[in-house]
Amino acid sequence: MKNDDLLVILNALVEPVFLVSAKRQITLANSAAEELFGESQIGKDFVYAIRNPDALKCIEAVLQGQAAAEAVISLPVPVRATYKLSSVHLEGGDGVQAEAVVSLHDISHVLEAEQMRSDFVANVSHELRSPLTALSGGIETLKGAAKNDPAARERFLDIMEREASRMTRLIGDLLSLSRVEVNEHVRPSERVNVLAVVEKVVDALETQSKAEKKPIKLQSSKGDWNVPGDQDQLTQIFQNLIDNALKYSRENSKVMVSLTRRDKVVGMTGPALVVEVKDQGEGIPAEHIPRLTERFYRVDDSRSREKGGTGLGLAIVKHILNRHRGRLLIESEKGKGSTFIVCLPLDAAVQ
Ligand SMILES: Nc1ncnc2c1ncn2[C@@H]1O[C@H](COP(=O)(O)OP(=O)(O)OP(=O)(O)O)[C@@H](O)[C@H]1O
Ligand SMILES: [Mg+2]
């Protein structure tokens, strides 16, 4: 087979492939390799194409007769990525002037997923450990120092009750998150009246709103507020957003919830129902906004914990919106407040 014919085949592969001669010269590079490492690699020493000591060791081993060798290498350009480099000795490859075939497989996303999984386990363990420590501490005190002290006993029982309910909430949120993830790819089939859902959530939060002196104002014009959706999940979205607005705003400030329709929303095709939840809190610094929907991400860790938050609320909101093919936009101005904007497609057929 001629080099040209071979190149046609190698160019059809999505992964970068090099052929390397016995003198370590590159004799052929497919278009994926040229795209990644630049054109005109032919004739150059392989060392100059991939500047990495492990890659070099790998290729040397194969050129000296080893059947195959592998290495995991990180390359900083053009974007930082990690590859599995495989080098295979070419038997009877005289016609193509090559002694070895080197291919690269991008494994960055696999490593990222592994990292996310282990971060998640570490986060969950950490989140569970603090209420557990408080509970064990409480039990120890009740058995010892506070045994015959009714006032101290009451105080510790209160703390233990709070910590136990924190664990219950955390586990409830984790289960909820995994349930949402499981059916994220199944489109909801009911039709749900979003105004009715929001009204119910506002009613349910009435006591909290009164206690914190933060009235909730709901605004909507007349109209059809039905969208294809899952009623319980939509309830969860507004429950968290309005609860956040109440939790993270000043006393005597208002929480405004409004429903409107928009013909066009960035990133969505077709008209959308837009629900805005606006508070008059201290706002969220811009650098935090893109990370708010990450699991356990909190702007002010101690404040959120003190309010009983698990830091999973917005992660759940994001996954529910993914399932509904909707979007969450966050706008915030320091000192003035934040607005969380939920956009839901009005028509399932267009999406
Ligand atoms: N309206 C808001 N104003 C200011 N900060 C907010 C607002 N909403 C959310 N945040 C910040 O985003 C973080 C993540 O919110 P999220 O709803 O995911 O978690 P949480 O409210 O702390 O816990 P949970 O919702 O599980 O009770 C919060 O800890 C808070 O720092
Ligand atoms: Mg929340």
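Bear in mind that the values here come from a model prediction, so they are computed numbers and not experimental data. For reference, positions follow the sequence shown, starting with 1. Remember, it's 1-based here, ligands and their atoms both numbered in the order they're listed.
The OD1 atom of N240, the Mg ion (ligand 2) and the OD1 atom of N244 define an angle of 100° (nearest 10 degrees).
Relative orientation of the F18 and F46 rings is perpendicular, given thresholds of 30° and 60° on the angle between their planes.
In this structure the side chain of L135 reaches within 4.5 angstrom of the side chain of M167, judged on heavy atoms. Considering only heavy atoms from C-beta on, Y248 stays 4.5 Å or farther from D279 through its side chain.
Partners of S108 by side chain to side chain donor-acceptor pair (under 3.5 Å), not counting sequence neighbours, listed by chain and number: D106.
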Check ligand 1 for close polar pairs with the protein: N or O on both sides, less than 3.5 Å.
unit_1, atom_1, unit_2, atom_2, d
ligand 1, 1 (N), D279, OD2, 2.7
ligand 1, 8 (N), N244, ND2, 3.4
ligand 1, 17 (O), N240, OD1, 3.2
ligand 1, 17 (O), N240, ND2, 3.3
ligand 1, 17 (O), N244, OD1, 3.2
ligand 1, 17 (O), N244, ND2, 2.9
ligand 1, 18 (O), G313, N, 3.3
ligand 1, 18 (O), L314, N, 2.7
ligand 1, 21 (O), N244, OD1, 2.9
ligand 1, 21 (O), K247, NZ, 3.0
ligand 1, 21 (O), Y248, OH, 3.1
ligand 1, 22 (O), Y248, OH, 2.9
ligand 1, 22 (O), S304, OG, 2.7
ligand 1, 23 (O), T310, N, 3.0
ligand 1, 23 (O), G311, N, 2.9
ligand 1, 25 (O), N240, OD1, 2.8
ligand 1, 26 (O), D173, OD2, 3.4
ligand 1, 26 (O), T310, N, 3.1
ligand 1, 26 (O), T310, OG1, 2.5
ligand 1, 26 (O), G311, N, 3.3
ligand 1, 26 (O), L312, N, 3.4
ligand 1, 26 (O), G313, N, 3.4
ligand 1, 27 (O), K247, NZ, 3.2
ligand 1, 29 (O), Y248, OH, 3.4
ligand 1, 31 (O), V299, N, 2.9

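For residue T310, no N/O/S atom approaches the Mg ion (ligand 2) to within less than 2.8 Å.
D232 and Q236 are not linked by any side-chain donor-acceptor pair at a separation below 3.5 angstrom, with hydrogens and angles left out of the test.
Nearest heavy atom pair, residue S209 against residue P215, reads OG-CA, 3.8 Å.
The pair E294-K318 fails the salt-bridge criterion, with no side-chain N (NZ, NE, NH1 or NH2) lying under 4.0 Å from an Asp/Glu carboxylate O.
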